[in-house]
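Worksheet: one structure, shown below.
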Number of protein chains: 2
Amino acid sequence: MSNTATTGPRQDNRRLQLLDAAARLFRAHGYHATSMRDIARAVGMLPGSIYYHFPSKDELLLTVYEEGVRRIAERVDAAVQAQRQPQQRLQAACIAHLEMLLDQSDYAQVVLRVVPDNTGPSQRRLIALRDQYEVRFKQLVAELELPPEVDRHYFRLLLLGALNWAQTWYRPGGDPPRIIAMELLRALYGGENQT
Amino acid sequence: MSNTATTGPRQDNRRLQLLDAAARLFRAHGYHATSMRDIARAVGMLPGSIYYHFPSKDELLLTVYEEGVRRIAERVDAAVQAQRQPQQRLQAACIAHLEMLLDQSDYAQVVLRVVPDNTGPSQRRLIALRDQYEVRFKQLVAELELPPEVDRHYFRLLLLGALNWAQTWYRPGGDPPRIIAMELLRALYGGENQT
DNA sequence: GCTTTAACCAAACGGCCGTTTGTTTTTCTA
DNA sequence: TAGAAAAACAAACGGCCGTTTGGTTAAAGC
């Protein structure tokens, strides 16, 4: 009963397993089509046991979402910081973004696949998380040299839309995400100022 | 008002009401989050009565999907045929596409909002319907003059992705769909060969 | 007028849903 | 090694799900 802080909590491994399974299933089938029983079965657990780790299904989605944003942001930031020229910085960001979105992370894919409409009480926080991530692209586009007629707001929406929509037509076996990102950028720039 | 054929079955009015309600609810809440009871309540009907008009929920979605593709294709085709120059033909298609997608038709919005993954036995037909519609844009892009470095395949995916993704950020009260389409195209062309 | 039939009602079917409750097992510390 | 805390089990709760079945109503056709 002593108030010692030396005692760390147990490793809590299954919590991570739960998050992994939830991310995978949410990505594959969507939020509503995935049941708590599905998630429990995927980690070899009884449905009720999930509620020791998460208070609700909604909160489970929120945690996956947060982790997804964290992972894709981390990866994109690292890619951007390795470049100097604005054009190459944006290209690096697009490549990293697309790799996470198409190949790497179930978590990141949930962020864009699961539409935060009527998914529960935390839908506003989901949207806020997504917006917070996209601020990076706002800054990258602001650095860029563009013709004066081009509205940077719509330039960003054009680029992000094209990248995110790739999730709907991408199939493994075709061009890898890196090539796709570069081809989309080339189509966008019209082949003018290419590296 | 003698436009009614004197013979034939009864007018079967509620079937259209059902489709309208289903389209509206599928668009707003998604397929899985919309129950047959929700749809029945929206038209003032008991849940079981829907099965007189449609054999299953899956078939109901398929019918909405088909009607959505039909409506958006009809509208886009009309807009394209009113133009001669390839660039203006594509622009007209984009405007019509976006207007249907953002403002006009619940049916058309279902086609792009409801991801046809694990929605039931007819998911392949849903994808086929969507592909069949997008063939139009393939042709429009083929007519277009483009720099030789630009891959027309990715040019089309870039454009359609940007347009379709607008569904996730569009809010009524901002720029109308027509302006959005033109701004996106301007960002895509880089302000070069504008009308 | 009688029959047919389109259209819907009324009521239930089994099943899965998210979640709760009480108990048991495991694990780590004191 | 005793005991507390963490983690999972076992079993149910009420409720909603898509769908089925059989009966009722009212318009249409002969």
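As a basis for the values below, the full set of heavy atoms in this structure was taken, side chains included, without hydrogen atoms, waters or symmetry mates.
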Inset, instruction - Go through the side-chain N and O atoms of A/His29 and A/Asp38 and say whether any donor and acceptor fall under 3.5 Å apart. - result: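 There is no such pair (donor and acceptor under 3.5 Å, judged by atom type) between the side chains of A/His29 and A/Asp38.
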Inset, instruction - Answer with yes or no whether the side chains of A/Tyr154 and B/Asp175 bring together a donor and an acceptor at under 3.5 Å. - result: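 Judged by distance alone, the side chains do pair up.
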Legend entry - Residues in side-chain contact (heavy atoms from CB on, under 4.5 Å) contact with B/Ala42, at least two apart in sequence or another chain: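 Testing B/Ala42 for side-chain contact (heavy atoms from CB on, under 4.5 Å), a comparison that skips the adjacent residues, returns B/Ala21, B/Arg24, B/Leu25.
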Inset, instruction - Run the ring-centre check on A/Phe26 versus A/His32 and record whether the distance is less than 6.0 Å. - result: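 No, they do not, as the ring centres are separated by 6.0 Å or more.
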Which whole-number value in Å describes the distance from [X] [atom1] to [N] [atom2]?
X: A/Leu18; N: D/dA8; atom1: CG; atom2: P; value: 8 Å
X: B/Ile50; N: D/dT20; atom1: CD1; atom2: C1'; value: 14 Å
X: B/Gln17; N: C/dA7; atom1: CD; atom2: P; value: 13 Å

Just to confirm, is there a sub-4.0 Å distance from OP1 or OP2 of [N] to any side-chain nitrogen or oxygen of [X]?
X: B/Tyr52; N: C/dA7; result: yes
X: B/Arg14; N: C/dA7; result: no
X: A/His53; N: D/dA8; result: yes

Inset, instruction - Tell me, yes or no, whether the heavy-atom count around A/Arg75 atom CZ, taken from other residues, nucleotides or ligands under 6.0 Å, exceeds 12. - result: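 Atom CZ in A/Arg75 is packed in, count exceeds 12.
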Inset, instruction - Any chance you could list the contact pattern along nucleotides 12-25 of chain C? Use B for base contacts, S for sugar-phosphate-only contacts and - for none, protein heavy atoms under 4.0 Å, 5' to 3'. - result: B----BBBB-----
Legend entry - A/Tyr31 six-ring centre to A/Lys57 NZ/CZ under 6.0 Å and within 45° of normal: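 Because its charged atom sits under 6.0 Å from the ring centre and within 45° of the axis, A/Lys57 does stack over A/Tyr31.
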